[in-house]
Protein chains: 2
Amino acid sequence: MERSDLVKPEIRSIAPYVPGKSIEEIAKKYCLSADSIIKLGSNENVLGPSPKAIDAMIKHAGNVNIYPSADAWELVVAISEYTGMPENMIVASGPGMDGLLDGLMRLLISPGDEVVISSPTFSYYEVSAIANGGTPVFVRRNDDFSIDIDTLKTAITDATKMVFICSPNNPSGNSISEQELRSIVEDVSCLVFVDEAYVEFAEQNFASLVNDYDNLIIGRTLSKAFGLAGLRIGYGIMPAWLKVEYMKAGTPFNVSSPAIVAGVAALSDKEHLNRSIELVREGRKYLADNIPFPVYDSQANFVLVDVSPVKAKDVCEHLLKQGIIVRDCTSFRDAGESLIRVTIGTLEQNRKVVDGFTSF
Amino acid sequence: MERSDLVKPEIRSIAPYVPGKSIEEIAKKYCLSADSIIKLGSNENVLGPSPKAIDAMIKHAGNVNIYPSADAWELVVAISEYTGMPENMIVASGPGMDGLLDGLMRLLISPGDEVVISSPTFSYYEVSAIANGGTPVFVRRNDDFSIDIDTLKTAITDATKMVFICSPNNPSGNSISEQELRSIVEDVSCLVFVDEAYVEFAEQNFASLVNDYDNLIIGRTLSKAFGLAGLRIGYGIMPAWLKVEYMKAGTPFNVSSPAIVAGVAALSDKEHLNRSIELVREGRKYLADNIPFPVYDSQANFVLVDVSPVKAKDVCEHLLKQGIIVRDCTSFRDAGESLIRVTIGTLEQNRKVVDGFTSF
């Protein structure tokens with residue numbers, strides 16, 4: 001027996017991990033100064049974190065020798081206030097919403113179980129399901145990235161444990177409607193996970209629907225509108241019965257103490273949140289109006305640009321030479337080779353992005 | 001079908017999570033001021049974090065809107081310098097070493113697989129194995145908490161994926177010898193995980209043995225000697241072939257950016273590390289010499305006190321009334337009802353601990 005036979009075959013079959021290029025590497029390759037590079041590839045908040053969150057972390061820095069609370073209850077209280085949902089339906093998670101997904105997959109998935117994923121979408125649903133022994137089943141979205149509800153329902157079988165719907169969807173930026181979501185949740189016996197990572201930038205959210213169903217989960221993050229990506233904070237809104245089970249299987253102490261204090265502070269800083277949302281709404285319109293390629297309507301802090309028949313990698317390379325990092329969506333399953341996701345930046349950054357696309 | 005039938009039966013059978021009491025709750029219950037309570041129940045560093053780590057976090061606070069590196073490579077470089085082991089044999093992990101354990105379990109465990117655990121010991125090996133579908137097999141340590149190597153080997157079967165050995169062991173404080181460890185690693189075809197969470201306080205560590213074997217993993221943490229428990233940083237030293245597989249299955253971005261900068265700074269602060277170790281060595285001797293109950297020899301930053309025939313919970317309650325939090329080990333499998341684990345404190349704290357035990 002080889003030692004590597006100890007590893008589960010479904011893991012061995014995954015391609016080796018290749019880390020992304022750092023800003024320093026990009027700067028060196030394209031002879032740019034690291035400071036001049038604009039990072040619009042990860043949908044971070046270009047205004048930075050809330051000043052209240054920064055203050056909270058600075059005050060807390062000397063106390064990091066002490067363990068955080070096992071369940072980040074301080075953050076759960078703050079999330080309850082922010083969302084209006086009760087604490088017994090909220091879990092805080094780390095690392096980020098990925099931690100929530102991992103916890104749910106290991107709670108639910110036995111070999112042979114399936115999850116249904118509406119693609120193209122965020123890739124970690126697939127990764128977490130496979131790593132936890134499950135089988136992902138993909139249902140491709142329509143050409144305009146709306147979900148064909150009937151086809152989705154057809155893919156759901158007795159083996160399905162969860163359906164993943166990202167809304168607003170990454171990378172397309174469109175949302176599911178309340179009517180469509182209710183139709184799915186009411187029709188299936190499995191769980192439905194709605195990833196609302198970008199929901200603060202959208203016109204509607206579905207948190208309160210968790211009151212109506214015992215099989216609906218909303219996933220959220222503080223990495224986007226709240227500007228705390230480095231702290232890796234996610235949360236879930238789920239039926240009370242599911243929180244009880246989740247807390248048995250989740251890794252304890254999974255949110256760090258700086259993340260707890262910063263998260264609590266950021267959730268209370270409505271001013272920074274509103275400024276971040278306003279910047280995104282203005283920037284979305286500016287980019288859609290000025291990028292000389294078709295741009296999809298977006299409810300998120302990014303827009304999706306269709307550069308077909310040109311390949312996305314050629315346009316991304318052109319932008320990189322000008323120090324602009326955006327996301328080539330070729331690695332998204334079912335996204336083709338001509339889509340580019342661009343995070344909304346500041347007005348100045350957005351102008352450079354438009355110049356970059358225009359000069360291609 | 002009930003909705004809860006969607007949850008794996010092995011998870012449903014776990015008892016619901018009960019959060020520990022906060023300092024505020026204890027202060028209220030025993031009519032104490034929260035400031036006067038001495039927290040010696042979680043083996044934290046009573047000297048606080050490294051001042052260099054505090055500075056690094058304060059400087060970094062404004063940048064937490066940006067994602068950390070996916071693999072915390074900056075921390076891996078620093079761990080490589082600290083341990084002398086090459087980067088392709090090191091993974092950084094979060095949340096803490098628990099994140100490393102979860103990643104390994106989900107890499108290795110299919111239903112029916114077993115892990116062998118030398119008990120009494122740290123409880124998360126068992127929790128992580130069960131949550132990931134494995135079956136823990138317990139081999140009880142001898143009365144002096146040494147490991148019966150032959151009995152341990154007998155418990156290892158073709159179904160065994162990993163053997164867990166904590167050294168220095170939590171909660172007993174004793175270490176395995178190099179000869180014993182080599183004997184196990186050479187005899188088995190499965191992986192051997194040595195948890196060295198407390199190794200900085202010990203006389204010997206086994207990191208370099210990973211060079212000699214392709215089935216040995218060393219787990220470490222920055223929560224103890226380095227005083228960064230709140231940041232949830234762990235790391236693993238493992239054969240290069242295993243790092244390749246681990247990186248396919250681990251959750252990306254699992255170490256937060258404040259944790260990365262603080263961890264790098266703390267690993268370079270030899271002065272704070274040495275002061276922390278010195279304090280522990282002096283305090284261990286003081287507590288062993290002065291607590292009026294048998295105290296086991298310890299290589300860690302805690303001592304184990306045997307209060308038999310008295311029950312640990314009665315002594316712990318007595319100490320709590322005086323504002324001293326220690327760890328009742330009754331919840332450790334195979335530890336009986338008369339063992340108490342006490343973190344080494346400052347000289348002043350240690351005196352209060354001795355007074356507390358003496359007045360029982």
Side-chain angles (χ1 to χ4, degrees), chain A residues 1 3-4 6-8 11-12 14 16-17 19-20 42 44-45 48-49 54 57-58 61-68 70-71 94-96 98-99 102 106-108 110-111 131-132 161 189-191 214-215 227-232 241 244-245 247-249 251 253-254 256-259 262, chain B residues 1 3-4 6-8 11-12 14 16-17 19-20 42 44-45 48-49 54 57-58 61-68 70-71 94-96 98-99 102 106-108 110-111 131-132 161 189-191 214-215 227-232 241 244-245 247-249 251 253-254 256-259 262:
Chain A
M1 193 186 75
R3 291 290 186 203
S4 62
L6 290 164
V7 173
K8 293 187 327 198
I11 304 282
R12 270 182 284 153
I14 299 174
Y17 166 82
S42 303
E44 293 150 339
N45 187 329
I54 297 174
M57 278 185 287
I58 290 172
N63 300 116
V64 297
N65 59 314
I66 305 298
Y67 278 94
D71 55 355
D98 292 354
D102 286 343
R106 84 183 200 193
L107 185 70
L108 299 169
S110 298
N132 283 285
K161 285 296 179 80
S189 57
C190 69
L191 298 172
D214 66 353
N215 64 330
L228 303 180
L231 292 168
R232 317 300 301 115
W241 73 265
V244 173
E245 301 295 333
M247 295 308 290
K248 296 178 185 175
T251 313
F253 307 101
N254 63 59
S256 72
S257 60
Chain B
M1 191 186 74
R3 290 291 186 202
S4 62
L6 290 165
V7 173
K8 293 186 329 195
I11 304 282
R12 270 182 284 153
I14 299 173
Y17 165 81
S42 302
E44 293 150 339
N45 187 329
I54 297 174
M57 277 184 287
I58 290 172
N63 301 114
V64 298
N65 59 313
I66 305 299
Y67 278 93
D71 55 355
D98 292 354
D102 285 343
R106 84 182 200 191
L107 186 70
L108 299 167
S110 297
N132 285 283
K161 285 296 179 81
S189 56
C190 69
L191 298 172
D214 66 353
N215 64 330
L228 302 181
L231 292 169
R232 317 301 301 113
W241 74 266
V244 173
E245 301 295 333
M247 295 308 289
K248 296 177 186 175
T251 314
F253 307 101
N254 62 59
S256 71
S257 60

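Note on naming: letters A, B, ... go to the chains in the order of the sequence lines (proteins, then strands), and numbering restarts at 1 for each one. None of these values were measured; they are calculated from a predicted model.
Between atom NZ of residue K8(A) and atom CG of residue L108(B) there is a gap of 8.5 Å, rounded to the nearest 0.5 Å.
Although no hydrogens or angles enter the test, the distance criterion places a donor-acceptor pair under 3.5 Å between the side chain of R12(A) and the main chain of V7(A). A donor-acceptor pair is defined here as one N or O able to donate and one able to accept, closer than 3.5 Å; such a pair exists between the side chain of R3(B) and the backbone of S189(A). In this structure a side-chain-to-backbone donor-acceptor pair under 3.5 Å is present from K161(B) to L6(A). Under the 3.5 Å distance criterion, the side-chain polar atoms of E245(B) are left unmatched by any main-chain donor or acceptor of L107(B).
Of the residues considered (A259(A), G62(A), A262(A)), G62(A) shows the highest number of contacts with chain B, using heavy-atom pairs under 4.5 Å. Note on G227(A), P49(A), G96(A), G230(A): by heavy-atom pairs under 4.5 Å with chain B, the leading option is G230(A). Between chain B and the options V64(A), L228(A), N63(A), the largest number of non-hydrogen pairs under 4.5 Å is found for V64(A). In terms of non-hydrogen atom pairs under 4.5 Å with chain A, the most contact-rich of D98(B), N254(B), I14(B) is I14(B). Top candidate by heavy-atom pairs under 4.5 Å with chain A, chosen from S257(B), A229(B), P95(B), is A229(B). If you tally non-hydrogen atom pairs under 4.5 Å between each of L191(A), I58(A), I66(A) and chain B, the highest count goes to I66(A). For the options D214(A), N45(A), I54(A), heavy-atom pairs under 4.5 Å to chain B are most numerous at D214(A).
Shown here for C190(A) and N215(A), the closest heavy-atom pair between the two residues is O-ND2, 3.0 Å.
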